[in-house]
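Report on the following structure.
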Amino acid sequence: MMLLLRLAVRNARRNTVRTLLTALTVTFGTAVLTVAMAWITGVFGDVLGTAADAAGHVRVVDPDFASREQMNPLYEHVTGVAARAEAIAAMPGVSDVAPRIMTGVSVSVGDEIGEVFALAMGAPKAYYERRMRFDEHLVEGSIFPGQSPKEIVLGATVAKRAGVKIGDDIVLFGQTQDGSMSPLRGPLVGIVHTGTAAIDQGAFVLLERMMYMADIDDAATEILVFGEDRDDAPALAATVSAAPELNGLTVQAWTHREPWSGMLAIADVVRGILVAIVVFITALGVWNTMMMSVMERTSEIGVMRSMGLSRMGAVFLFVSEAGGIAVLGGLLGVAIGGAAARYLEVVGVTLGEATTAQFPSDIPMKATLYADMRPDIAMTAFLLALLMAAIGSALPSLRAASIAPVEAMRTGRR
Amino acid sequence: MKLTALLVLLTSTLSWAQTPTADQILAKVDANMVSETRSNKTKMTSITPQRTRPPFEMAIMAKGADVAAIEYIAPVRNKGTKMLRTGTEMKMWDPESERVSTISGHMLRDGMMGTDLSYDDMMSITTLRTAYTSTLKGTEPCGNGETCYKLELNAKTASISYPKRVMWVDTAHHIPLKQELFAASGMLLKTWEMSQVTQFGDRWYPLKMVVMDKQQQGTSTVLEISELQFDVPLAEEVFSTRWLERH
Amino acid sequence: MSLVSVVNAVKTYGTGEAAVHALRGVSIEIEPAEFTVISGPSGSGKSTLLNLIGCLDVPDGGTVRIEGRDVNGLDGSSLAALRAARIGFIFQSFNLIPVLTALENVELALQLAGAPAAGRREKCAETLTAVGLGGLLDRRPNQLSGGQQQRVAVARALVKQPALVIADEPTANLDSTSGTAVLDLMRDMNAARGVTFLFSTHDPKVMERARRVVTLTDGQITADEFRT
Ligand SMILES: Nc1ncnc2c1ncn2[C@@H]1O[C@H](COP(=O)(O)OP(=O)(O)O)[C@@H](O)[C@H]1O
Ligand SMILES: [Mg+2]
């Protein structure tokens with residue numbers, strides 16, 4: 001086998017220019033894939049990840065809430081939430097648990113209701129700090145300093161529209177679970193600006209206050225569960241859903257929830273199409289080279305076949321030659337692509353003013369997008385380089401395998 | 001021959017005299033339903049397929065057709081909440097926000113406290129006769145073996161909760177025992193039934209009403225009226241912002 | 001038992017009008033340690049017969065037996081195994097693997113024959129030394145003359161100690177001096193090691209050295225003479 005391998009390597013060096021061109025094709029393909037995958041991961045990961053981080057790696061809800069989520073039915077809540085949250089917190093792999101209630105409210109300082117609408121959220125303080133990262137986004141005041149249990153934090157967009165300032169007594173007009181009008185009054189203690197429209201459009205209170213507004217006792221519409229890494233969500237969901245305390249409730253990993261599952265599917269499709277195209281084109285280059293080699297070496301293969309080389313041996317010879325080219329080309333491609341992706345990760349791409357101007361001024365759109373060059377992307381790109389070689393050399397090596405031993409004799413006549 | 005002709009003329013004249021016009025019927029409805037002043041307690045029970053809620057109890061004071069004040073007595077959560085309707089404006093004070101807020105626009109047409117009744121339904125803005133033109137569509141049996149005039153009401157202005165109503169007014173007491181309330185599109189929005197028609201002096205008034213919001217599935221709201229008094233003296237102060245803020 | 005036993009072998013290329021009857025019923029027995037030449041004009045079917053005997057191809061009719069085994073009953077991989085173990089080939093145009101050194105070319109044959117790695121290189125070096133290329137082990141084919149290349153080919157065929165060495169016009173691409181030298185080499189190997197050789201040729205010099213000359217004409221054996 002070592003000798004065959006050595007033969008494959010020497011074969012690759014026979015036509016250096018051709019081999020180099022093939023390797024560079026693989027390099028180019030791999031580099032493009034590395035950058036593209038890092039970019040897709042970065043941009044989607046940024047949009048999805050931050051949102052998913054806030055929405056819970058895993059979420060526990062009433063099945064009826066899940067099926068009618070758009071209507072946000074407050075009466076389809078999870079009861080006995082304190083005990084359940086405690087049980088979940090004790091499970092392996094769980095690092096955080098946050099019951100949460102959300103509902104639409106209108107915000108007022110004066111005596112007119114119905115001017116400024118906001119998405120009100122009730123959750124534990126730790127959730128706002130650790131998951132929403134409010135401390136990083138605070139523009140004024142502080143996050144639930146604890147002077148009063150009635151404290152309210154507003155998103156920047158809402159605060160601006162309502163014309164309120166820190167210290168103002170504001171009223172959130174919401175509803176109870178039965179649809180009865182239900183105001184919540186408290187001092188405005190902080191204003192956050194996250195850059196995410198939905199959050200900047202929010203009003204935030206502590207969980208107990210929201211329970212009061214919704215008129216639900218020791219209950220919440222959602223229990224958000226967090227593990228170490230949001231990518232482990234499906235496994236975490238499996239652990240959590242096995243708990244007897246959560247019988248009859250729906251447990252979903254964020255990757256299985258809309259809109260993320262849809263967006264992830266789109267990202268996967270985009271990635272899939274891109275990978276398919278690049279792999280196909282590169283494989284075509286490999287195919288071309290290998291086919292030429294097989295044709296040129298017909299009698300040589302015949303000689304080896306006559307000496308006892310098996311069909312698999314012939315396949316091995318060409319696949320390993322293509323593999324060798326792909327390994328070199330792929331490594332170079334990952335290096336070059338990785339460097340480019342790293343640049344995009346650090347420096348990012350700043351959207352032109354023409355692009356950012358298309359967003360309403362009060363919805364702060366992230367002006368710079370970044371790639372996310374993870375080690376597994378380099379790994380994937382390298383494996384894809386091998387795939388290119390495998391696909392590209394498949395037909396040529398089958399062709400080589402089909403060379404009959406008599407071909408060895410035939411050359412004599414030429 | 002002459003006699004027959006005379007008889008025909010006479011009976012037709014008589015029957016004309018006996019059948020009131022739609023407008024006349026509506027005037028009698030308004031006369032029953034709207035009073036100089038009125039005070040009562042109302043128990044409002046909302047029934048939904050999901051859940052039974054504790055009923056609301058409130059004290060209501062009304063003056064004419066367009067001024068009304070409500071104070072909630074129960075449940076505990078809402079106790080002390082006050083609402084004041086003056087013309088097209090509505091203000092509310094509640095113990096949680098401890099301030100007077102104005103409820104305006106579409107909110108007035110939303111379910112009051114999540115019931116099938118809107119604020120507009122509870123505290124109507126005007127008499128039916130001023131808001132609608134009416135046509136008589138004949139008589140039909142209704143209620144518990146009563147006979148009703150069937151009236152079709154069409155709004156004079158577009159900016160009204162129910163641009164069209166069909167109502168069955170009982171011929172005996174002139175109470176709309178049943179109403180169907182429609183949107184401009186002709187879609188049925190609500191049905192409203194009245195019963196336990198009781199005499200108060202020279203007027204009749206229903207002590208029970210059932211409202212169903214047809215936009216929601218299987219919900220209904222029952223109003224039970226007690227301690228009803230008409231034309232009692234009510235302090236002017238009741239209908240002021242000062243009353244709202246006093247607690 | 002004959003080493004090779006061909007009975008009534010028929011081989012036809014193509015069909016119908018275009019059919020070429022390369023062999024029309026050939027029968028021949030070859031005993032161990034023979035040094036036999038198949039002669040005949042170009043197109044007479046020499047290569048075709050060697051292909052059948054070398055198990056590179058199977059006959060359309062008749063039987064070919066190698067050491068008593070009927071090759072018609074064997075599948076591709078069994079034939080490959082049989083070739084690898086029992087038959088060595090020497091080709092007209094040497095057909096060395098150009099990217100391998102002389103030593104590696106010989107070693108490849110040994111490896112394909114399934115010989116264990118231990119002692120393999122030494123054995124190959126010995127064989128190359130025996131064919132007179134002791135100093136040229138690390139040369140590539142293009143660094144060797146035609147005669148030297150064919151010596152490597154001889155070493156490649158012999159190294160696995162086959163029962164039979166088949167050489168299709170081994171001297172056709174060599175000048176007469178090197179051709180003679182390669183022939184002498186094969187003759188020596190035949191004498192010293194008892195290896196059976198089967199040639200095809202129309203070179204009279206080759207026929208001179210043969211002990212048995214089989215003449216093929218138009219796909220049929222027309223003469224079969226033994227010499228001493
Ligand atoms: N693969 C093949 N396809 C078609 N015809 C062939 C093939 N191989 C040999 N032939 C024909 O068979 C006949 C015998 O050929 P061959 O055995 O090569 O003769 P020789 O080796 O004696 O020159 C010739 O007419 C040749 O053209
Ligand atoms: Mg020939």
Out of C/Leu108, C/Leu50, C/Asp57, which one racks up the most heavy-atom pairs below 4.5 Å with chain A? C/Leu108
For C/Leu56, does its backbone N or O pair with a side-chain atom of A/Arg305 as donor and acceptor, under 3.5 Å? no
Contact origin within A/Ser306 toward chain C - heavy atom pairs under 4.5 Å: both
When you look at CZ of A/Phe280, are more than 12 heavy atoms from neighbouring residues, nucleotides or ligands closer to it than 6.0 Å? no
Verify the neighbour count for atom CZ of A/Phe28: are there more than 12 heavy atoms of other residues, nucleotides or ligands below 6.0 Å? no
Heavy-atom distance under 4.5 Å between the side chains of A/Val303 and C/Arg156, does that happen here? yes
Would the number of heavy atoms belonging to other residues, nucleotides or ligands and lying under 6.0 Å from CZ of A/Arg342 be above 12? no
Under 4.5 Å from any heavy atom of chain A - which part of C/Glu169: neither
Is it the case that more than 12 heavy atoms not belonging to A/Trp287 sit under 6.0 Å from its CH2 atom? no
I need the C/Glu107 CD to A/Arg6 CZ distance, nearest 0.5 Å. 6.5 Å
At their closest point, which heavy atom of C/Ala84 faces which heavy atom of A/Gly308, and how far apart are they? CB-CA, 3.7 Å
Could you look at C/Arg86 and say if it's the side chain, the backbone, both or neither that has a heavy atom under 4.5 Å from chain A? neither
Does A/Glu296 CD have over 12 foreign heavy atoms under 6.0 Å away? yes
Spacing of CD belonging to C/Gln111 relative to CE belonging to A/Met307, to within rounding of 0.5 Å: 10.0 Å
Engaged part of C/Leu110 at the chain A interface, taking heavy atoms whose separation is under 4.5 Å: neither
So for atom CZ, which belongs to A/Arg14, do other residues, nucleotides or ligands contribute more than 12 heavy atoms lying within a distance under 6.0 Å? yes
Neighbour count above 12 (heavy atom, 6.0 Å) for A/Arg399 CZ: no
Separation between CG of C/Leu100 and CD of A/Glu300, rounded to the nearest 0.5 Å: 8.0 Å
Return the CG to CZ distance between A/Leu3 and C/Arg120, rounded to the nearest 0.5 Å. 6.5 Å
